[in-house]
Amino acid sequence: MAHTDHSERTAQTARTVRRHLRREVAGVIGLLADAHDFAAMRPYTTFTFDDHDIYLRQLDALLRSRSAQGAHTTVALFDPEEFTEYCEDTGLDPDTVAARGQFTARAAASGAAVPYSGQPVDTLVPLLIDTAVRRATWEYATTLLADVGACADCGQDIGAAAFERASHLLLRLLEKAGPGTHHIVCSVPASGEQLLAAAHLHRPTGAEPVRADSTEATELVTVLAAGIALESPAGVVLRTTDPEAPDRLYGWRLAQGLLVPLTAGEVFNAYCTDADTGEPLSPESGVDYRAGFELGADDTGLHH
């Protein structure tokens with residue numbers, strides 16, 4: 001009898017340990033963001049879902065359940081086309097749960113993923129898509145910089161020099177903008193693509209040094225550097241938010257590695273014109289459209 005009691009206590013302890021261990025395991029879930037991607041997975045016999053809306057509701061319930069148990073979950077965007085290519089490259093059978101799991105882990109590791117923190121699924125989906133687009137833009141801009149090569153005259157690595165220059169320009173923008181919350185957007189036409197990057201940065205008050213070392217800042221610098229390296233007609237807009245006053249909007253155009261200020265009228269026209277149709281748009285209320293401020297002369301331009 002004593003032996004039986006000991007065995008039961010041992011089994012109970014083992015179950016308790018496993019239950020606690022489950023809370024320590026971080027999970028990754030692949031999410032099919034839209035009905036088109038969902039339909040692309042339907043032909044697989046091991047993919048047993050048949051309604052995208054129900055799939056999203058059940059996924060939302062699963063995420064909430066894991067969160068309630070203290071489990072951490074990362075949600076990755078599941079791209080069926082990339083999944084097919086991955087299986088072809090690795091020799092995996094795409095009609096298996098194991099193949100989908102391996103691909104999801106790879107997608108999460110690539111950066112096109114977000115940690116679940118209680119967001120409803122209709123918030124999670126656009127957040128995931130935005131993260132994936134930003135990641136793809138950064139990777140494309142990085143490739144462009146790597147492919148530019150060296151200056152034929154001085155041997156300077158043009159991509160590296162452009163990145164250094166763009167980093168300097170971002171810091172100058174923040175220095176001149178002053179303390180506060182700043183949203184900076186950079187748009188660069190490059191090789192038939194329109195690269196767009198944005199960074200939400202805060203400049204502290206006092207004598208603290210200006211810093212721009214977030215992931216968003218790195219993405220913005222990379223896109224701006226692509227414009228510098230390719231000598232593309234890029235544009236930069238800075239929006240300063242102040243709870244006590246209207247938002248202030250400034251703009252610049254890129255020319256020969258310099259950010260040349262736009263006039264207040266040019267900033268207004270850029271924001272109040274539909275980029276696709278050219279039709280005028282109503283000005284945004286509570287916004288003060290201003291000329292870009294001068295960043296000051298310096299000797300850190302490109303020399304290629």
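Worth knowing before you read on, the calculation uses all heavy atoms, side chains too, and leaves out hydrogens, waters and symmetry mates.
- Within a 6.0 Å sphere centred on CD of Glu81, heavy atoms belonging to other residues, nucleotides or ligands number 12 at most.
- Residues Thr181 and Arg203 have side chains that never bring a donor and an acceptor to within less than 3.5 angstrom of each other.
- Between the side chain of His202 and the backbone N or O of Gly180 there is at least one donor-acceptor pair closer than 3.5 Å.
- In this structure, Thr131 and Leu77 have side chains that are not in contact, with every pair of non-hydrogen atoms separated by 4.5 Å or more.
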Practice item. Start with the C-alpha gap between Arg100 and Thr46, add the side-chain angles, then the distance that decides, and say whether side-chain hydrogen bond (donor to acceptor under 3.5 Å, both in side chains) holds. Key: CA-CA 10 Å; Arg100 292 195 291 274; Thr46 57; 3.0 Å; yes

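- A heavy-atom distance below 4.5 Å is found between the side chains of Leu196 and Val185.
- Once rounded to the nearest 0.5 Å, the distance linking CD of Gln119 with CG of Leu124 reads 5.0 Å.
- Remark: His52 engages no residue in a side chain to side chain donor-acceptor pair (under 3.5 Å) (not counting sequence neighbours).
- Scored by the side chain to side chain donor-acceptor pair (under 3.5 Å) test, Thr137 finds no partners at all (sequence neighbours excluded).
- The aromatic rings of Phe78 and Phe83 are tilted relative to each other, their planes meeting at an angle between 30° and 60°.
- When atom types are taken as modelled, the side chain of Arg66 and the backbone of His72 share a donor-acceptor pair closer than 3.5 angstrom.
- Note that the CG atom of Leu31 and the CG atom of Asp79 stand 12.5 Å from one another [nearest 0.5 Å].
- With Trp252 contributing its side chain and Phe293 its backbone, the two residues share a donor-acceptor pair below 3.5 Å.
- Salt bridge present: Arg239 and Glu284 bring a charged side-chain N and a carboxylate O closer than 4.0 Å.
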Review point. Are Tyr289 and Tyr250 close enough, and set up right, to give a ring-ring contact (aromatic ring centres under 6.0 Å, His included), and what steps lead you there?
Key: CA-CA 7 Å; Tyr289 299 90; Tyr250 309 87; over 10 Å; no

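- At a threshold of 4.5 Å between non-hydrogen side-chain atoms, the residues Ile184 and Val236 count as touching.
- With contacts defined as side-chain heavy-atom distances shorter than 4.5 Å, the pair Tyr116/Thr74 does not qualify.
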Practice item. Please lay out, stage by stage, how Asp53 and Arg57 fare under the test salt bridge (charged side-chain N to carboxylate O under 4.0 Å, His left out). Key: CA-CA 6 Å; Asp53 290 335; Arg57 288 200 300 271; 5.5 Å; no

Exercise for review: Give the C-alpha distance, both sets of side-chain angles, the deciding distance and a yes or no for side-chain contact (heavy atoms from CB on, under 4.5 Å) between Arg290 and Val267.
Suggested key: CA-CA 7 Å; Arg290 298 188 178 187; Val267 173; over 6 Å; no

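- Leu224 CG to Cys186 SG: the interatomic distance, rounded to the nearest 0.5 Å, is 4.5 Å.
- Not one N or O on the side chain of Asp37 forms a donor-acceptor pair closer than 3.5 Å with the backbone of Leu32.
- Looking only at side-chain heavy atoms (C-beta outward), Asp288 and Asp247 stay at 4.5 Å or farther from each other.
- For Phe49, the ring-ring contact (aromatic ring centres under 6.0 Å, His included) criterion is met by Phe47, Tyr55, not counting sequence neighbours.
- Residues Leu230 and Leu144 form a side-chain contact, since some pair of their non-hydrogen atoms from C-beta on lies under 4.5 Å apart.
- With contacts defined as side-chain heavy-atom distances shorter than 4.5 Å, the pair Gln69/Ser65 qualifies.
- In this structure, the separation between OH on Tyr44 and CE on Met41 is 5.5 Å, given to the nearest 0.5 Å.
- Shown here is Arg253, whose CZ atom has no more than 12 heavy atoms of other residues, nucleotides or ligands within 6.0 Å.
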